[in-house]
Structures are given as C-alpha cells and as structure tokens.
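So the structure is just underneath, and the comments pick up after that.
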Amino acid sequence: MNPALPPNIAALKPYTSARSLCKGSAWTFMDANESPVPGIELPSLPPLNRYPDPTADHLRDAIAETYSVSRENIVLGNGSDELIDLCIRAFVRQGREVVSVDPTYGVYGVCSAIQGVSYRAVTLTKDFLVDIPAFLKAGRDADVLFLCSPNNPTGLSIPKMHLARIVRELRGIVVVDEAYGEFADDAGIPSAIEMVKEGSENLVVLRTFSKAFGAAGIRLGYAVGARPLIDVLLRIKPPYNVNSMTQAVGLALWGKREEMRERVAELRRWKIPMVETCEELGCTVIPGIANFFLIQPPKGRNADDLLRRLRDEKRIVIRRINNTPILANALRITVGTQEQNRSFISTLSSLLSS
Ligand code: PMP
C-alpha cells in the first residue's frame, strides 16, 4: 500500500549526484569539487562505546580560537548540508519563504521543498553577480536568504559591499555558504566571518571540511554566527550529529591548516593551464576562484554529449549544470591531480577535434 505522503514530499525532486550512478573505484571523479587527495591519514580511533560530545567542544574551541570568536558563535554539522537544513527548519516559519539566486547550489531548494516552504531564486546578472535591486525586493519577506560565496557553480565571490547591503537592508537571516571559502582566502578575498565579528546579528556563515581540507568522507561542516542564532541551531540539532571519529579527524585536520593552504594554492595554480587549454579549444570558460571551473563547449557542440563520451569512453565524470536563462550548455569540472587534469584535457581535445 502506498503511504499517503505530504504533497511536497511526493513531488520532491531529490538532489542528484553522479556518485549514486557511478559506483566503484574505476572512475576519475571530477564532478563534485572535492580535493583529489586526502587531507590526512586516519588518526587513532576514539573509544566508540560512548556517545560523542554532543556539542564537540574541543573542535569548536579550536575553530573559535582561529577566528577570534567564542565557542558560542559556532555549531558543527554532519556536513554543511545538515547546517543548511537546520537553518531552514530553525528560522523559516510556515507559509514564509526562502530566497536565493539562480544558478546556485541545489540543496537550498531541496531542503526548502522537504520542509514545505516556498523557495524563490533570483536570476544572477549576465556577469553572474547578485542582482542587488531584484534580490532586495524578492527578499523583503523572506525568513532565510542563502548566498553562496564563492558561488557554486560560477566560482565567483560576492563583493563585500553587496553582502553588507543585503545584510543591512533585509530582516531575514542571511546564510552565506562559504563551502569554497578557503579558495577565496587564497585569492585574498575577506570572509563574511569578519561581518559576524563586526556584530551582524542576522548572519550565519557556513564552511566545510569537504573541499579544501580534503575530507568530504568525514561529513563535517561548521557555522559561525551571532550567539542567539547559533544557540537556536544548537537547540534543534540532533543530539549527537557529529560522531566521535569525525570529531577526532576534524580536530587533527584543524591542526594541519598550513598543509591545507598549500594544497589550495596548488589546486588554484593547476587550474590555470586547464582553463587556458579549454579556451584554446574554443570553449567559453568561467574560471572563478575556486577548485573548479565552468565551460560552455564551442558552438554546435553539445554539453550532454561531451559529458556522456567522457564518462563512457574514458570513465571521467564531470558535472552538467542545469540550463538557466543566463547559463546554458555548461559543464563544471573539478581540478584533480595533475595526471587526472592532463587526462581530462587530452580527452576533451580529442573529442572536440573529432
Ligand atoms: N555548499 C556548497 C556550495 C557545496 O558545493 C557543497 C558540496 N556539494 C556543500 C555546501 C555541502 O558540503 P558538505 O559536504 O559539507 O555537506
């Protein structure tokens, strides 16, 4: 018998990833903006018969010390995806809205749909910037606004002046998703965490161990925000959302930030010749500042076809970006190891010249 589902759940289009389809180890994954190498080997395991510290205070203290904020400004999540979900569940009242931009990270819309709240996305300008007047207008009645900086999939960060205006002029809670924030740090772009420290009361900034830290497998993200907002998130999160192994690995990784920063700089350097070659091959490239870039194949060449041939002929997995009014026929490529990058480039060259 089919259970009677709430209509928003029955109609849900879940977040999809090639990882559900391409299982096993025989793939070159350049689709999910992970690091091509692990950030750390496993440290020794903590005792597993006991529940973990529910609020992971050692790790929160380490993060707090780095940013010169207090433990009460930080909450951890089982990946930043959990924190996105918690923000919607904590701060969006029934019948109210979530507002973001398009194109951006799909999970904001999926979590809104699961929660049964409406999600509105304001199209970016043709230069891929937030259309500030349209965003301020659409966001007037929103309870939560998501801005991803650097944005996925464009890789561009939101100028501080724009962000400051949004945070100042809107009453809703602005969640700035800095999943690729360490790449912006390397590019000398200030984090929105600075605005939390300057006293913004309606701002939450998300970061993750999944990208620059090379630890997508441990599922760990953190939010930095004003104490009253973080307090609400701490109250509604599942009691033991970050397990003991993840807390231990997270703490060890936090002590290896210098290595992380070197890897970030290296990935950004490795991206440069990839971007140049794609341009020489006639692609339109949006390089961005993170560990991935967007391409639109030359006129007459189809992104779906290229994606399929890379996957089926070379087992290289990249990501198709949904067509939007300002971005059609686009593919997103994650910078891999030098060997993977060379293999991607030579395969793309031969596909485009055949
Ligand atoms: N935000 C953005 C913009 C992302 O691209 C991703 C990863 N796909 C996430 C959040 C989720 O990261 P996590 O692994 O920490 O859940």
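Everything quoted here is computed from the prediction, not taken from an experiment. Start at 1 and go down the list; that is how both ligands and their atoms are numbered.
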Original post:
Is the Lys NZ or Arg CZ of R319 less than 6.0 Å from the centre of Y15's six-membered ring, within 45° of the axis?
Top reply: yes

Subject >> salt bridge (charged side-chain N to carboxylate O under 4.0 Å, His left out) contacts touching residues 221-233 (sequence neighbours left out) >> reply: E72-R227, D231-R235

Original post:
Does F292 have R332 sitting over its ring (NZ/CZ under 6.0 Å from centre, angle to axis within 45°)?
Top reply: yes

Subject >> Partners meeting side chain to side chain contact (heavy atoms under 4.5 Å, CB included) with P47 (sequence neighbours left out) >> reply: N49

**OP:** Would you please name every residue forming a side chain to side chain contact (heavy atoms under 4.5 Å, CB included) with R120, sequence neighbours left out?
**Re:** E97, V99, A138

I'd like a table of the close N/O pairs between ligand 1 and the protein (anything under 3.5 Å), one pair per line with both atom names and the distance.
residue	atom	partner	partner atom	Å
ligand 1	1 (N)	D177	OD1	3.4
ligand 1	1 (N)	D177	OD2	2.6
ligand 1	5 (O)	N152	ND2	2.9
ligand 1	5 (O)	Y180	OH	2.7
ligand 1	8 (N)	Y105	OH	3.4
ligand 1	8 (N)	K211	NZ	3.3
ligand 1	12 (O)	S80	OG	3.2
ligand 1	14 (O)	S210	OG	2.6
ligand 1	14 (O)	R219	NH1	2.7
ligand 1	14 (O)	R219	NH2	3.4
ligand 1	15 (O)	S80	N	2.7
ligand 1	15 (O)	S80	OG	2.8
ligand 1	15 (O)	T208	OG1	2.6
ligand 1	15 (O)	S210	OG	3.4
ligand 1	16 (O)	S80	N	3.1
ligand 1	16 (O)	D81	N	3.0
ligand 1	16 (O)	D81	OD2	3.4
ligand 1	16 (O)	R219	NH2	2.7

Subject >> More than 12 heavy atoms of other groups within 6.0 Å of E65 CD >> reply: no

